[in-house]
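In each ligand, atom 1 is the first atom listed, and ligand 1 is the first ligand listed.
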Amino acid sequence: MFAEPHDPGAHDSVRPLRWRGDALDVLDQRLLPHETVWLRCADAESVSAAIRALAVRGAPAIGIAAAYGAVLAARGGNFIEAMARLRAARPTAVNLMWALDRMHACVASGADAAHLLAEARAIEAEDLAANHAMGRFGAALLEQDTGVLTHCNTGALATAGFGTALGVIRAGVAGGRIARVYAGETRPWLQGARLTIWELQQDGIAATLIADSAAAALMHSGAVQWVIVGADRIAANGDVANKIGTYALALTARHHGLRFMVVAPAATVDMATRSGDAIEIELRDAEEVLSCGGKRTAPAGAAAWNPVFDVTPAALIDVLVTERGVLYKPDGESMRRQFGAAHA
Ligand code: MRU
């Protein structure tokens, strides 16, 4: 744990992306924690491929990667097709479309290459600033000696840095409020086991890994008071799409009287989508479920269903934290007040 509070920039050493002037380097998250390999993406097509293959993942990080992909697309002269491929790389996280819309608007207003790059850099810098703000807002809600459970990876690896839910956890640990951090392993892709535990280790934050199926027993034990998660898309009624398993955690937290916090930048809010039922949920290859760590676990011929996100109804969410502040028990009315009506 941290020795002393509280420099929010400290203990935040990991970055998933590096702009190199002529290419985007992507820290290949498929290989962590065992290998630290940077993938060089010198054109928009390789950025799309890195997003599709989860070399870079996490809603804000894929938006930022796509923004730099748009810079490469503009230089490559195949802008329209490249932008369409970037947009189609993954369907659920709205940050991807949000970032590409910003880049598109820039081009439409006649921006030159330098301005386009400045826009991508701004998207990245704004995300980092939002994460620090959310860290402050979220950590202030926690009591002393709090235990928290998180899911997937919502940290520096999933953002421009610091993280959303993991940013609140960073700030809560730095401020001395969080005494216990638990992370679910997050089958099938193991973002919790491979990425969250690794990232926290890099920054000296002690955390305990649990099998996803241990969450109810952990909650029953009294060790955690809050479940803190990120989001891929938040609908106008406050429903939240996030990593598969989030919905089960919210139901289980409610049963045990624990509080459930969602932390995401305003860029994750999609006021044009009325409710969670209208959010497209990405289905990935069944092989991800039939295997573990690249080794086949199910018998030949087995079938598997692999939705990689689920929708937590707004009614199960106690607090929504964005960089604009804290919404208690988000619903259609409070969402409209905070984020305005959809323009779409
Ligand atoms: O499939 P992934 O790893 O991209 O899913 C990531 C999540 O579900 C995160 O919780 C979400 O993107 C928020 S990241 C700050």
Legend entry - Sidechain-backbone polar pair: R15 side chain, A160 backbone, donor-acceptor under 3.5 Å: yes
Legend entry - Under 4.0 Å to a heavy atom of A59 - the qualifying atoms of ligand 1, by number: 12 (O), 14 (S)
Inset, instruction - Taking the side chain as every heavy atom from C-beta outward, state whether R57 and L195 have any pair of such atoms under 4.5 Å apart. - result: yes
Inset, instruction - Output yes when D318 and R259 qualify as a salt bridge under the 4.0 Å nitrogen-oxygen rule, no when they do not. - result: no
Legend entry - Numbering as shown, the atoms of ligand 1 that approach K243 to under 4.0 Å (heavy-atom distance): 1 (O), 2 (P), 5 (O), 8 (O)
Legend entry - Pi-cation contact, W189 with R194 (under 6.0 Å, within 45°): yes
Inset, instruction - Report yes if V308 has an N/O atom closer than 3.5 Å to an N/O atom of ligand 1; otherwise report no. - result: no
Legend entry - Non-hydrogen atom of T164 closer than 4.0 Å to ligand 1: yes
Legend entry - Location of contacts on I62 toward ligand 1, heavy atoms closer than 4.0 Å: neither
Inset, instruction - List the closest protein heavy-atom neighbour of atom 8 (O) of ligand 1: residue, atom name, distance to the nearest 0.1 Å. - result: D232 OD1, 2.8 Å
Inset, instruction - Go through ligand 1 atom by atom and flag the ones less than 4.0 Å from a non-hydrogen atom of A158. - result: 14 (S), 15 (C)
Legend entry - Nearest-contact summary for atom 13 (C) of ligand 1 - protein heavy atom, Å: A231 O, 3.4 Å
Legend entry - Protein contact to atom 10 (O) of ligand 1 [nearest heavy atom, distance to 0.1 Å]: N242 OD1, 2.6 Å
Legend entry - Side-chain heavy atoms of S48 within contact of I51, under 4.5 Å: no
Legend entry - Check against ring pair (Phe, Tyr, Trp, His ring centres under 6.0 Å), H151 and Y247: CA-CA 11 Å; H151 192 54; Y247 179 26; over 10 Å; no
Inset, instruction - Hey, can you tell me if F162 and H132 have their rings parallel, tilted or perpendicular (30° and 60° cut-offs)? - result: perpendicular
Inset, instruction - Pull out every atom of ligand 1 sitting under 4.0 Å from any heavy atom of P60, numbered as shown with elements. - result: 14 (S), 15 (C)
Legend entry - F260 and V319, any side-chain heavy atoms less than 4.5 Å apart: no
Inset, instruction - Consider every N or O of F309 and every N or O of ligand 1, then say whether any pair is closer than 3.5 Å. - result: no
Legend entry - W189 to ligand 1, any heavy atom closer than 4.0 Å: no
Inset, instruction - Just let me know how T154 lines up against ligand 1, side chain, backbone, both or neither, with a heavy-atom cut-off below 4.0 Å. - result: both
Legend entry - Donor-acceptor contact below 3.5 Å, side chain E323 vs main chain A129: no
Inset, instruction - Specify side chain, backbone, both or neither for R90, according to which of its non-hydrogen atoms lie closer than 4.0 Å to ligand 1. - result: side chain
Inset, instruction - Would you give the length of the straight line joining atom CD of E280 to atom CG of D232, rounded to the nearest 0.5 angstrom? - result: 12.5 Å
Legend entry - Residues D101 and H104: side-chain donor-acceptor under 3.5 angstrom: no
Inset, instruction - Check C152 against ligand 1 and report side chain, backbone, both or neither, counting heavy atoms closer than 4.0 Å. - result: side chain
Inset, instruction - Identify, by atom number and element, the atoms of ligand 1 in contact range of T159, meaning under 4.0 Å from any of its heavy atoms. - result: 15 (C)
Legend entry - Distance filter under 4.0 Å to Q191 heavy atoms, resulting ligand 1 atoms: 1 (O), 2 (P), 3 (O)
